[in-house]
Amino acid sequence: MLTKRQTAIFKTIVDEFTRTAEPVGSKKLMDLLDFNCSSATIRNEMAALEDLGLLEKTHTSSGRIPSSRGYRFYVENLMERELDDGVKHSLQAVFQERHYSMDEIVKKSCDILSQMTSLTSVVLGPESRYQTLQHIQLFPLSDTSAVAVFITDHGHTENKTFHFNTAVSVEDIKTCCNLLNDKLSGTPINEVVERMQQIEPLLASHIARHEVLFEAFVNAFMRFATDHVYCSGQSNMLYQPEFADIEKLKELMKMLEDSSLFRQLANHEGDVAIEIGGDNELIQVNNVAVVSSKFKLNEDEEGELMIVGPTRMQYSRVVALMEYMSKVIEDLYRSENR
């Protein structure tokens, strides 16, 4: 248990280091604290906080920075959520400009989060195992390309552009679309590929170039069943001092390119997540912190917003933004489905 003075010193160090990315020393703290305290007393308290594992020294300065354990303690015990009404009104105004589809709302929320935090944001859409295919529409663009629109029973739509390696007639495309609607409607999305393989002989008996269309649809459905991860603001990491080291930056970029990793993090595979009240969590992976906030679309479906950045991030603002954005998504979804 920290004393009142230790708590004030620790919180001030976290807030200042988060703002400047510079280690905080006793002289700086004398100027920042709202009570009088000698430099020697502050150094003693900093040493005590270091012994508790909440602070650590750097090799380049006599100042201290928060440790990973310190950030966890701060998030669990000292963080204050900060989001003023002006920011809330601005966020609401964005979505009142025009009618957005659910996919657009979620992706736009992701873009806004990355812009407002200067970090990287990720959104995990609802997993496809809860949805079934309702209808397919196919629109030819040319002899060698077409756009398919997949619609699920939950109103989720996905557009996929096909590029064929040989010409396909409009009649074959129409026949293929009709057969797939007849045989696949009501099939769970993650079972569509298996079901298509079962009906391939039927396609072969009705369509001249069935193998071209079959391959295109199988690839599209495989992406549809897995590609519900959207990432925004990856380049923001280039401006974070922690990733000035090119090896650390490469490691981070490799992580951001692996969409399956975010599903693993959401499912807590191999990591310990710290609850930050409600549906918010903090996960630390090496030098990276991931703050997540869930949003519910209905009883079966939920998505997740994530902010990825250095362990030194403004947790209070990040968490407040994500909580509010999750609420905005839920409210908009409910209004769309009344």
Side-chain angles (χ1 to χ4, degrees), residues 83 87-88 90-92 94-95 97 99-131 150 152 154-160 189-190 223-237 252-269 271 273 276 278-283 285 288-298 300-309 313 315 317-337:
L83 195 64
V87 173
K88 292 180 181 179
S90 296
L91 292 176
Q92 288 174 345
V94 169
F95 295 103
E97 291 175 0
H99 175 79
Y100 291 94
S101 70
M102 199 59 218
D103 282 354
E104 288 174 325
I105 289 168
V106 171
K107 290 177 179 179
K108 194 165 187 65
S109 298
C110 192
D111 291 336
I112 291 170
L113 282 173
S114 67
Q115 292 164 12
M116 296 190 75
T117 61
S118 298
L119 298 171
T120 300
S121 61
V122 179
V123 62
L124 306 181
E127 293 193 71
S128 59
R129 67 174 180 267
Y130 297 119
Q131 302 180 63
F150 306 127
T152 74
H154 289 163
H156 179 85
T157 61
E158 190 91 3
N159 300 331
K160 297 293 181 186
I189 295 298
N190 57 349
R223 292 196 302 273
F224 187 23
T226 58
D227 279 357
H228 294 289
V229 178
Y230 178 73
C231 196
S232 179
Q234 295 95 318
S235 62
N236 287 337
M237 294 301 100
L252 174 65
M253 290 305 173
K254 186 177 179 181
M255 171 185 169
L256 294 176
E257 289 169 2
D258 183 3
S259 61
S260 65
L261 176 61
F262 294 107
R263 286 287 180 201
Q264 293 170 22
L265 291 177
N267 296 326
H268 306 158
E269 295 177 21
D271 291 282
I276 319 173
D279 291 319
N280 308 303
E281 293 176 332
L282 166 65
I283 298 172
V285 185
V288 178
V290 181
V291 177
S292 67
S293 181
K294 291 184 173 65
F295 56 87
K296 296 185 183 300
L297 300 183
N298 53 51
D300 295 324
E301 288 186 295
E302 67 176 19
E304 195 160 346
L305 294 172
M306 291 181 170
I307 291 290
V308 182
M313 70 166 75
Y315 290 101
R317 178 172 171 78
V318 166
V319 172
L321 274 169
M322 293 179 73
E323 281 183 335
Y324 190 74
M325 195 65 80
S326 294
K327 183 177 181 299
V328 167
I329 292 172
E330 290 177 349
D331 290 346
L332 286 167
Y333 183 82
R334 278 193 289 269
S335 66
E336 286 289 314
N337 289 274

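It should be emphasised that the depicted structure is a prediction, and the values quoted were computed from it without experimental measurement.
- By the salt bridge (charged side-chain N to carboxylate O under 4.0 Å, His left out) test, K327 is found to be paired with D331, residues two or more places apart in sequence or in another chain being considered.
- Minimum interatomic distance between L119 and M237 (heavy atoms only, all atoms of both residues): CA-CE, 3.5 Å.
- Across I307 and M322, no two heavy atoms sit closer than the pair CG1-SD, 3.4 Å.
- The side-chain hydrogen bond (donor to acceptor under 3.5 Å, both in side chains) search around T117 returns none, not counting sequence neighbours.
- Of all heavy-atom pairs spanning R317 and L83, the tightest one is NH1-CD1, 4.5 Å.
- Taking every heavy atom of both residues into account, S121 and L113 meet most closely at CB-CB, 4.0 Å.
- A donor-acceptor pair shorter than 3.5 Å can be found between the side chains of S232 and D111.
- Looking at L321 and V87, their side chains come closer than 4.5 Å, going by heavy atoms from C-beta outward.
- Taking both residues in full, the closest heavy atoms of L124 and F295 are given as O-CZ, 4.2 Å, listed atom of the first, atom of the second, then distance.
- Taking CG of L91 as the start and CE of M116 as the end, the distance is 5.0 Å to the nearest 0.5 Å.
- Annotation for I112 and M325: closest pair CG2-CE, 3.6 Å, computed over non-hydrogen atoms.
- Partners of S326 by side-chain hydrogen bond (donor to acceptor under 3.5 Å, both in side chains), not counting sequence neighbours, listed by chain and number: S293.
- I105 is listed as a side-chain neighbour of S109, based on a closest heavy-atom distance under 4.5 Å.
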Working for side-chain contact (heavy atoms from CB on, under 4.5 Å), residues K294 and L305
CA-CA 6 Å; K294 291 184 173 65; L305 294 172; over 6 Å; no
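- In this structure, V106 and Y230 have side chains that are not in contact, with every pair of non-hydrogen atoms separated by 4.5 Å or more.
- Q92 pairs by the side-chain hydrogen bond (donor to acceptor under 3.5 Å, both in side chains) definition with Y324, not counting sequence neighbours.
- Note that the SG atom of C231 and the CE atom of M306 stand 11.0 Å from one another [nearest 0.5 Å].
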